[in-house]
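Naming: A, B, ... by sequence-line order, numbering from 1 per chain.
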2 protein chains.
Amino acid sequence: MADVARLAGVSSQTVSRVSTGHPGVVESTRQVVLDAMRELGYRPNSAARALKLGEFRTIGVILFTLATTGNSRTVEAIATQAALEGYAITLIPVAAPTQDGVLGAFTRLGELAVDGVIVIMEVHLLDATDLTLPPGMPVVVVDSDAGDRYPVVDTDQADGARQAVRHLLALGHRTVRHVGGPAESFSAERRAQAWRAVLADAGRPVPPVERGDWSAASGYRAGRRLAADPSCTAVFVANDQMALGVLRALHEHGRRVPGQVSVVGFDDIPDAASYLPPLTTVHQDFAEVGRRCVHGLLDQIRGERGTPGTELVPTVLIHRSSTAAPASP
Amino acid sequence: MADVARLAGVSSQTVSRVSTGHPGVVESTRQVVLDAMRELGYRPNSAARALKLGEFRTIGVILFTLATTGNSRTVEAIATQAALEGYAITLIPVAAPTQDGVLGAFTRLGELAVDGVIVIMEVHLLDATDLTLPPGMPVVVVDSDAGDRYPVVDTDQADGARQAVRHLLALGHRTVRHVGGPAESFSAERRAQAWRAVLADAGRPVPPVERGDWSAASGYRAGRRLAADPSCTAVFVANDQMALGVLRALHEHGRRVPGQVSVVGFDDIPDAASYLPPLTTVHQDFAEVGRRCVHGLLDQIRGERGTPGTELVPTVLIHRSSTAAPASP
DNA sequence: CACCGCCATGTTTACGTAAACATAGCCACC
DNA sequence: GGTGGCTATGTTTACGTAAACATGGCGGTG
């Protein structure tokens with residue numbers, strides 16, 4: 001910067017004013033400075049700027065994995081929205097979903113140059129780790145029930161599940177089986193609870209839950225158990241990838257979908273429209289989740305305290321070809 | 001830091017030594033300092049540290065989208081490896097795959113606190129934008145043919161495609177159709193070229209290419225055209241998601257897989273094992289790609305110049321149930 | 001016992017920037 | 001024409017850290 005100032009014949013403060021776009025620099029001076037910058041290939045040192053300003057214009061995102069469609073799409077939406085607001089995104093992967101892993105991530109976070117954090121993680125793991133966020137660090141949590149302590153943004157899991165189950169009951173199915181996500185998952189638990197509640201409200205029997213780990217392979221294993229049960233005519237699967245596995249298992253056992261068994265998924269990943277048959281599923285608006293996370297966090301960064309509470313993003317049931325009325329017995 | 005030093009009754013330099021883990025601090029002093037840090041909730045200011053050290057310990061990743069499996073898995077591998085090396089990852093999304101979008105990303109990059117950049121992008125777009133990386137900024141490029149100018153890390157696209165096509169020919173198919181990715185994609189082009197070369201070498205007819213945009217929906221459209229052609233007995237699809245669409249199209253047209261038509265994909269995404277039928281596909285080692293990117297970049301950051309040239313990560317053909325010998329006529 | 005050298009710690013300084021304050025020149029108005 | 005205020009620019013300072021250099025005390029060795 002000093003070099004630029006010398007070459008342009010002005011003070012470094014004037015260079016600073018030009019570089020930050022401050023007003024009060026006359027056009028002719030501005031041009032001289034810009035020319036000097038170009039000639040010397042000057043670019044501002046963001047570390048010095050951050051040190052001076054006390055802010056990094058960067059948001060940290062803590063997560064376990066990008067492998068699930070939901071996470072990677074949420075992160076993409078966050079990154080896009082943050083860029084729009086002039087913020088960069090720093091990814092903080094948690095090596096393993098263990099206490100040590102989480103603790104490591106938060107330790108790194110302490111030294112990291114971020115103004116706030118978005119946590120995409122089951123909150124019970126946060127609790128188990130009794131980690132302390134650096135005091136005063138703004139946070140927004142996704143996919144969690146921490147609404148009593150942190151601001152939370154989440155898809156309306158319960159309502160999505162209700163739509164799915166009600167749709168199947170409305171088609172005439174006596175009851176609905178459920179392939180859930182891992183028991184530790186908050187989203188999985190929310191979807192399972194809503195499924196159970198709708199059945200109970202309708203006075204229907206509540207069959208046992210099959211569990212998977214979100215992967216198609218685990219869905220396949222659950223699907224094999226369901227396929228062996230002739231009384232099973234309708235299945236609500238907690239995500240699309242497991243639904244893919246369920247479809248395959250049903251197919252291999254000669255159970256036609258939707259002729260003999262109806263299947264509903266959750267997420268509406270782009271591939272779901274190309275499954276065999278195209279999957280009826282609950283659409284999640286990941287982009288909106290990302291957008292609200294960033295807004296919520298920036299409000300905290302710029303304004304005062306974040307108010308705990310959960311902000312729900314609505315879902316829509318997408319009707320495709322994997323559901324139908326049960327075959328008349 | 002000064003507060004910690006005062007409370008611990010030492011100089012700030014000693015606090016610095018403790019916080020950076022430098023040797024030459026006696027254990028008793030170290031404990032006193034650590035206690036003081038804890039009591040005051042001290043955490044080092046990374047901006048000041050970066051300013052002093054002249055490095056950010058951060059890697060920038062420039063990409064268009066996380067929506068494709070390949071990108072998100074590569075990014076995840078990069079993030080994991082970088083964390084292992086003590087580096088953070090900053091995501092720089094390119095708003096739109098246009099010149100303006102790319103230019104915007106690189107402008108932001110100029111002001112960003114990164115020690116090097118990994119570009120996951122078709123290089124022809126870089127060229128079209130005549131952008132200049134800040135001079136001296138270390139770069140590694142993925143998924144590109146820029147090997148003459150930058151260090152490139154990439155999956156061995158050509159060899160993967162060769163394995164796929166040769167497998168189909170070895171099964172006895174007279175020729176192999178191809179559903180390629182978008183013409184602008186370097187990976188897509190490489191896979192198509194290898195497909196063409198294997199057929200030509202074997203003296204087989206080279207049928208016209210069908211094109212998609214990597215999505216299952218586009219694969220479905222291509223698949224409908226193929227299904228209508230009774231002479232088509234084997235298809236090499238440029239990625240698994242499009243293969244999913246092809247499978248659906250073939251199924252809807254009553255063409256059995258692999259009985260009447262064999263299909264091979266590319267990527268080996270986790271879901272591919274659960275397709276109907278489970279997909280034979282070329283396995284890409286995204287984790288290895290990510291690892292080599294980070295190493296290549298850190299070599300540049302720590303050492304001297306990056307040597308242009310392409311580093312290829314091998315692929316493996318995974319045999320599943322979507323390929324078989326052609327039905328005897 | 002004196003001197004040397006080493007180890008633990010302290011002091012000084014600079015990294016690049018922007019806010020706060022200072023100054024000088026100009027114009028308008030009475 | 002003098003005074004007041006405004007605008008464009010310059011000067012000073014501090015942000016928090018770690019490298020470089022300085023100091024002092026202690027043990028070992030001749």
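In the region residues 10-18 of chain A, proximity to DNA chain D at under 4.0 angstrom, judged on heavy atoms, holds for A:V10, A:S11, A:Q13, A:T14, A:R17. Interface residues of residues 19-38 of chain B facing DNA chain D, ordered by number: B:T20, B:H22; criterion, heavy-atom separation under 4.0 Å.
Remark: A:S11 engages A:T14 in a side-chain hydrogen bond (donor to acceptor under 3.5 Å, both in side chains) (not counting sequence neighbours). Residues passing the salt bridge (charged side-chain N to carboxylate O under 4.0 Å, His left out) test with B:R57, sequence neighbours excluded: B:E55. With sequence neighbours left out, the side-chain hydrogen bond (donor to acceptor under 3.5 Å, both in side chains) criterion links B:R291 to B:E288. For A:T69, there are no side-chain hydrogen bond (donor to acceptor under 3.5 Å, both in side chains) partners at least two apart in sequence or on another chain. Residues satisfying the side-chain hydrogen bond (donor to acceptor under 3.5 Å, both in side chains) test with B:T29, not counting sequence neighbours, are none.
For the helix from C:dC1-D:dG30 to C:dC30-D:dG1, the axis fitted to the five pairs at one end and the axis fitted to the five pairs at the other end meet at an angle of 40° (nearest 10 degrees).
Between the A:D156 side chain and the A:V313 main chain, no donor and acceptor come within less than 3.5 Å of each other. Looking only at distances, no side-chain donor or acceptor of B:S16 sits under 3.5 Å from a matching main-chain atom of B:S12. Between the side chain of A:S187 and the main chain of A:S185, no donor-acceptor pair closer than 3.5 Å is present. Under the 3.5 Å distance criterion, the side-chain polar atoms of A:D154 are left unmatched by any main-chain donor or acceptor of A:V142.
Screening residues 18-29 of chain A for salt bridge (charged side-chain N to carboxylate O under 4.0 Å, His left out) gives A:E27-A:R30 as the qualifying pairs, with residues at least two apart or on separate chains.
Counting 5' to 3', DNA chain C first comes under 4.0 angstrom of a heavy atom of chain B and last does so at the ends given by C:dA8 to C:dG16.
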Name the atoms and distances for all side-chain donor-acceptor pairs under 3.5 Å in residues 35-50 of chain A, with sequence neighbours left out.
unit_1: A:D35; atom_1: OD1; unit_2: A:R38; atom_2: NH2; d: 3.2
unit_1: A:R43; atom_1: NH1; unit_2: B:G110; atom_2: O; d: 2.6
unit_1: A:N45; atom_1: OD1; unit_2: A:A47; atom_2: N; d: 2.7
unit_1: A:N45; atom_1: OD1; unit_2: A:A48; atom_2: N; d: 2.8
unit_1: A:R49; atom_1: NH2; unit_2: A:S19; atom_2: OG; d: 2.9

Just distance, no hydrogens or angles: give the donor-acceptor pairs under 3.5 Å from side chains in residues 83-94 of chain B, sequence neighbours left out.
unit_1: B:E85; atom_1: OE2; unit_2: B:Q81; atom_2: NE2; d: 3.4
unit_1: B:E85; atom_1: OE2; unit_2: B:H295; atom_2: NE2; d: 3.2
unit_1: B:T90; atom_1: OG1; unit_2: A:T90; atom_2: OG1; d: 3.3

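The residue among B:A48 and B:G9 whose nearest nucleotide of DNA chain C is located toward the 5' end is B:G9.
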